[in-house]
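All remarks here apply to the structure that follows.
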Amino acid sequence: MSERADDMLSAVEVMERLRVVHSMIAAAQAEEIELMAQLYRLRRAQQLTLGVGALYAGEDAATEIGMAIKVSQRSADGSIALGLGLDERYGATREAFAEGRIDLPRARAISETLVNASDELLATVEPRIAAYAEHAEPQRVRRTLRRWLLEADPAGQAARRKSAEADRYVKVTAAEDGTALLEAVLPAAGGQAVYERLREMASTQCCGQDPRTTGQRRADALVALADGTGRLACRCGHGTCPRSQSGESTPAARKALVQVGVSAETLAGLQDNPALLAGFGAIDADLARQIARHAHFDIITDTDRPAADAALRYRPRTRVAARVRALDGTCRAPGCSVPAAATDLDHQDRFNHANPESGGPTTEANLGCRCRRHHRLKTIADNGSNGWQVLHHPDRTVEWRSPSGGSVTTTPEGARFLFPRLPIPPVTAAGVPDAAVVAPLIDPGPAINAMTELVHVYCTPTQRRSHRQSRRHQPALGSIVVRARPDTEPPF
Ligand SMILES: [Zn+2]
Ligand SMILES: [Zn+2]
């Protein structure tokens with residue numbers, strides 16, 4: 001590559017070109033958003049004429065879009081909402097966006113900040129902010145717009161605040177390397193209260209010798225508020241820490257209700273295959289074993305088949321339900337990550353309540369995990385009202401054919417973790433495993449015994465007793481779903 005100055009664009013030319021390209025991208029994004037809103041309207045109109053309820057008609061457009069351009073359902077939902085808002089409420093913003101004078105983040109800033117504004121207020125404020133946004137970055141657009149709204153309509157602020165507060169939520173999503181991202185929209189005072197409390201706990205409950213950063217202590221304080229201990233334990237390591245609580249003892253931390261799918265070999269430390277934390281994704285073998293230490297176990301084997309009569313009841317038996325959820329891991333729709341525990345178990349071939357023998361059976365092969373929205377999508381598809389085809393194959397792959405001809409086949413995420421094809425040798429175990437430990441990988445007999453032993457080690461005496469009573473035969477070498485709070489069945 002030549003680096004002679006006369007071959008390169010001058011800095012002025014580079015900046016000029018950058019502005020042009022940025023504007024072209026913005027205009028193209030405006031068109032993309034508009035197309036998504038159009039698809040939504042088309043699907044909604046079609047489905048309304050076919051009798052789909054007004055609350056749900058068109059909601060599958062986001063799934064169709066996600067499948068076609070590989071974006072999450074949430075992202076497609078957001079884009080559709082933005083497109084509809086631009087068309088129906090934010091005309092000046094729409095125009096500036098379409099011409100590339102403002103970009104997607106600024107269009108979003110305007111639409112999100114104006115979401116609760118009345119039509120009268122919009123008429124005065126929206127054209128002004130669209131012009132202002134051409135010369136300001138998204139954060140400043142939001143701040144300025146908020147101030148304008150207050151100035152233009154101070155009386156309406158209470159109503160807008162109520163409306164905004166109605167959208168409050170808390171959400172936890174998976175982040176990198178076994179961490180989670182906690183996100184919340186709270187009323188401003190509530191948010192401040194949470195922050196003040198964390199700040200106070202971080203600064204008053206640990207002494208100066210605590211090795212954690214302020215940020216780490218605040219994060220730990222949030223967990224302490226949730227797990228029932230209610231206070232931070234100082235990690236200075238001094239028995240005489242001035243900040244340690246004297247007198248009454250701190251209550252024990254409450255265990256979270258989480259579901260982890262992990263292969264038996266990994267749980268036993270014979271392998272280090274990753275495990276599946278439901279709704280989050282892969283976690284490392286060590287973390288899975290840590291979670292397993294105080295857990296309740298469902299043993300899932302590769303060849304489990306329920307009794308024939310169980311297939312004729314509508315509600316699956318607990319065992320079948322646990323197995324289907326463990327194998328599927330999440331909702332089986334493309335791009336959907338609703339954890340299996342929060343999904344419906346949907347009959348692929350419909351169950352016949354009047355005559356169970358002639359309808360779809362309640363078996364593992366005929367059941368699949370679907371979140372409410374995708375359960376609805378399939379029910380409406382089976383009624384012929386949205387043009388989708390959802391085919392659930394005997395090997396648990398599910399084929400989703402969209403009305404516009406796209407097709408995506410999803411595979412059960414959980415099964416991969418429960419029955420990994422390629423064993424990963426243990427890297428976290430100390431030293432080299434001796435022959436007696438390695439042998440079970442070839443001959444399952446000793447591994448079964450080791451497993452049974454482990455189940456006993458990890459279970460409370462009560463669980464152990466009930467496990468022994470319910471165990472009519474030795475579990476085959478298989479896999480295990482760890483549920484970290486016993487006695488709680490996920491609702492279905
Ligand atoms: Zn201390
Ligand atoms: Zn779903």
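Atoms within a ligand are numbered from 1 in the order they appear, just like the ligands themselves.
Taking backbone and side-chain atoms together, His238 has no N/O/S atom less than 2.8 Å away from the Zn ion (ligand 1). At a cut-off of 2.8 Å, Cys206 does not coordinate the Zn ion (ligand 1) through any N, O or S atom. Taking backbone and side chain together, Cys336 holds an N, O or S atom under 2.8 Å from the Zn ion (ligand 2).
Partners of Asp328 according to the salt bridge (Lys or Arg N to Asp or Glu O under 4.0 Å) rule, which considers only residues two or more places apart in sequence or in another chain, are Arg332, Arg396.
When the N, O or S atoms of His374 are ranked by distance to the Zn ion (ligand 2), ND1 comes first.
At the Zn ion (ligand 2), the angle from SG in Cys331 to SG in Cys371 is 120° when rounded to 10°. Rounded to 10°, the angle that SG of Cys236 and SG of Cys207 form at the Zn ion (ligand 1) is 110°.
Checking Glu399 against His392 by side-chain atom types alone, no donor-acceptor pair falls below 3.5 Å.
Under the 4.0 Å criterion applied to side-chain N and carboxylate O atoms, Asp286 and Arg289 are assigned as salt-bridge partners. Using a 4.0 Å cut-off between charged nitrogen and carboxylate oxygen, Glu59 and Arg376 count as a salt-bridge pair. Look at Glu183 and Arg74 and you find a salt bridge, because one of the NZ, NE, NH1 or NH2 atoms lies within 4.0 Å of a carboxylate O, short of that distance.
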